[in-house]
Each structure stands twice: as C-alpha cells, then as structure tokens.
Number of protein chains: 2
Amino acid sequence: MAVITNEMDRSRCSVAGTLAVVGEKWSLLVLREAFLGVRRFADFQRNLEVSRAVLTDRLATFVEQGVLTRVPYHADGQRERHEYRLTTKGLDLYPTVVALMEWGDRYLGDGQGGPIALQHRDCGAPVRLALVCDDDHRLDGAYDVEATVRPRGTGRYRAIEKAPSSHTHR
Amino acid sequence: MAVITNEMDRSRCSVAGTLAVVGEKWSLLVLREAFLGVRRFADFQRNLEVSRAVLTDRLATFVEQGVLTRVPYHADGQRERHEYRLTTKGLDLYPTVVALMEWGDRYLGDGQGGPIALQHRDCGAPVRLALVCDDDHRLDGAYDVEATVRPRGTGRYRAIEKAPSSHTHR
DNA sequence: GGCTCTGAGTTCGTCAAGTGAACTCAGAGC
DNA sequence: GCTCTGAGTTCACTTGACGAACTCAGAGCC
C-alpha cells in the first residue's frame, strides 16, 4: 500500500497534500468509476483495465485515507465479499473529478461535449463548476482571483511577494 | 518528453484524457506554481525541488500540449532565455487546481483554512468552487447530480445502465 | 583572449512504481 | 472430489523518478 508522507512541500498550499492521496496513477480514475456507481473490485478492474496489483493498492490506500469504506456484502449463492463505497470525504472529491472532466470535454473531445453529461437531479438542467465569491459574484477565471499567503502558525494573511499573482502575467 | 496517447479509456469520459496531460507526477504542482505567477525554469525548480530532468519533461509536455507557451525574454545583463506562460487552455485548468486545494484545506490542514487564500479581485470576498446548474441552482454535491452517457457518434444521451449514478448508493 | 559565473538543460546509474501473466485461496455448487 | 469465481499476491520485466555530474552559450571581468 502506498504510504502517504509529508515529503512534498505542503507549506505553500494544499495541492501537494491532496495529490499525495489522489495523485498516483489510476487513483482519480478509480474515483471516477466510484462516482459512476462502481463498488466491486471486479467491476473496477473490468472498466479500467488496470492491473489487479495496482487496483488492490489504490483501493487499500483510499480505505486507509478514509476516502472509501470497505463494506461486506453477500450476493446470491456467493460467499461474503467486500465492496468499496465513497465516504463523505470521498464524495467531496467530486469537484476535482468534474474539473478534470470539463477540461477534457472542452479541449480533447469533438467539441460536442464529452461522453458523459451531468444534470441537476431536481430540475434536469446541465451542471457545471463555477468560481464564485462569498458576495455571490460569478468569476470568469484565474485572472479574477487574487491569492494571498497565510504565514505558518498565524491566522493572518499577507499578499504574495516574490511570486506575483496570476493577473500580472495576463 | 512524455508522449500523450489514446491508450487510456476515453470512451467513458474525459477524465482519463485530461489525466494524460496533467496526470503525471509534478504536472499539477508545476501548474500550481504557474498560477502563482512563476514563469522561469529556475523558479519552478527552486519552489518545487523537482529534478531538472523531470521539470524539463513536464514543461516540454505542457508546451507541446498548448498549456504553456515558451516566450523569449532578455533580462538585465543576461543572455536571452525563455519563460513559460499559461495559455488560455492552461488557465482553464484553474478549477482543477482549486478543487485539489479546497479538498486539501478541508481534510488535510489544521481546520483553519489552508496556507493560501483566494479572494475575488473586485470585491475581496473569499472565492470557492461551486456546482451550479443552468437554471442557477446551487448544488450540494455528487448526490444532486445525475450522470448520463452519450453513445459515441450521436448527439443524444441515454441514462447509464450498468453503473448506477451516484444517488443510488447514498 | 582566457577565465569564471549562471540559467537551462542533458546524461547516467540507481531505485521505485507500473505491467501482464501466472499462482493462490476460500467458499458455492455440481 | 472437482470446478468455478472474485479477490488478491507473486514475479520478471519495463518504465519513470531521483540525485549528482556534466554540458553549453552568452555576459562580465581581468
């Protein structure tokens, strides 16, 4: 099983920490399948065509990290087996998977939208990710955002100095 | 340089395709730095502590994929060098990086919010990712979304059959 | 003109991670 | 007793990452 360490620089932001959990090969594809409803080892393996050894490792890592839980079940005329279900912590990775999907749909497909469409369960309208602020403005992208760094151990933020925030290289 | 192929299953959704571009080790951390304003080889290398060989490969892959452009510049008393700037295609990966950051802030940090805060440039309010639908509803998460598969080559969608969508395993 | 300094790589030996194929193991059914 | 199946584990091989050393081009200094 993959051991999650602090070796990556987490001091600047949490991206590296999250990648320590979901950044290995196949991890995010396993999650994609989980979000599509897949729960069983054999189904993950069939859909992804990943080697059993790696799948075993990725599932075990997710269980260890609290992203999936291992739940016993007993199917018709079969012995007891386990299935893997998303926890709340795992469900909260949904935006990450959607972000990857939206980018792929925009830049890698045929321009017709990707093979999977997401709809609001209540109203049926297409669903997308949006950058919003707490004053309820809808932002256009990275240029509308200013990043500030909070020094370790304090509750205060200061502006980034050496690294200009994204607007400076428009 | 990494060669991007179609070998990963793109038929089910675009996640695998996007991961073919940004899924290798260090790729998303290079992008994180780019979004913080880093442009030069030596700065990426210093901030990430990644080996030069890998950094060279990741930057070259991004340039080849149109995520970064290589722009010559001439600094004070230095010979001409190149810097790497985000293209529109690259800037559109911002939600992916923010999604990773938000999850890390929520589950890996001290609960005080992560080391980097994002604010709306216009109004200063905190910025976050949200799932929204075209009827302007704000969704809570994966359970509010229904995924439908569009068969290859058609413009129509049908409901997923074998793999139940996420609400079925609440 | 020779020497050094620096940014931006490239090369290389070593080690970790992923791959496909073969092997294991436990229970259900015949 | 024999076979079947899901879920792994083991193994030989290949690919990818690592750190250290080497290269290369131009600027500045003497």
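Here is how names work: the chains are called A, B, and so on, in the same order as the sequence lines, proteins then strands, and each is numbered from 1. What you see is a predicted model, and the numbers here were worked out from it, not measured in a lab.
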Looking at every strand, decide which applies to [X] at a 4.0 Å heavy-atom threshold: base, sugar-phosphate, or nothing.
X       : answer
B:Ala42 : sugar-phosphate
A:Phe44 : nothing
B:Arg46 : nothing

Notebook entry, point to check: Taking all non-hydrogen atoms of both residues, which atom of B:Val21 and which atom of B:Ser27 are closest, and how far apart?
Noted result: O-OG, 4.3 Å

Checklist line | B:Asp105 to B:Gly114 - nearest heavy-atom pair and separation | finding: OD1-CA, 3.0 Å

Check: With a 4.5 Å limit on heavy-atom distance, are the side chains of B:Cys123 and A:Asp135 in contact?
Finding: yes

Next item on the list: Kindly indicate, with the supporting measurements, whether the criterion side chain to side chain contact (heavy atoms under 4.5 Å, CB included) is fulfilled by A:Leu48 and A:Arg32.
Entry: CA-CA 10 Å; A:Leu48 295 173; A:Arg32 176 194 75 180; 3.6 Å; yes

Next item on the list: Let me know, please, whether A:Glu80 or A:Glu49 comes out on the 5' side of the other along DNA chain C by nearest nucleotide.
Entry: A:Glu49

Note to self: If you apply the rule side chain to side chain contact (heavy atoms under 4.5 Å, CB included), what do you find for B:Thr87 with B:Phe62, and how did you get there?
What the structure shows: CA-CA 10 Å; B:Thr87 62; B:Phe62 279 150; over 6 Å; no

Margin query: Test your reading of the model: is there a side-chain donor-acceptor pair from A:Thr18 to the backbone of B:Gly104, 3.5 Å cut-off?
Written below: yes

Margin query: Taking B:Ser51's backbone N and O only, do any of them form a donor-acceptor pair with B:Trp26's side chain (distance below 3.5 Å, no angle check)?
Written below: no

Next item on the list: Output the distance between atom CD1 (B:Ile116) and atom CZ (B:Phe35), rounded to the nearest 0.5 Å.
Entry: 12.5 Å

Checklist line | Rounded distance (Å) that lies between atom P of C:dA28 and atom OH of A:Tyr73 | finding: 14 Å

With the criterion being N/O to N/O and under 3.5 Å, what pairs connect the protein with nucleotides 16-18 of chain C, and how long is each?
residue : atom : partner : partner atom : Å
C:dG18  : OP1  : A:Arg58 : NH1          : 3.2
C:dG18  : OP2  : A:Arg58 : NH2          : 3.0

Check: Does CD belonging to B:Glu49 count more than 12 external heavy atoms closer than 6.0 Å?
Finding: no

Checklist line | Nucleotides bounding contact with chain B, strand DNA chain D, heavy-atom threshold 4.0 Å | finding: D:dA17 to D:dG28

Residue matched to [N] through Watson-Crick or wobble contacts both under 3.5 angstrom:
N      : result
C:dG27 : D:dC4
C:dA21 : D:dT10
C:dG13 : D:dC18

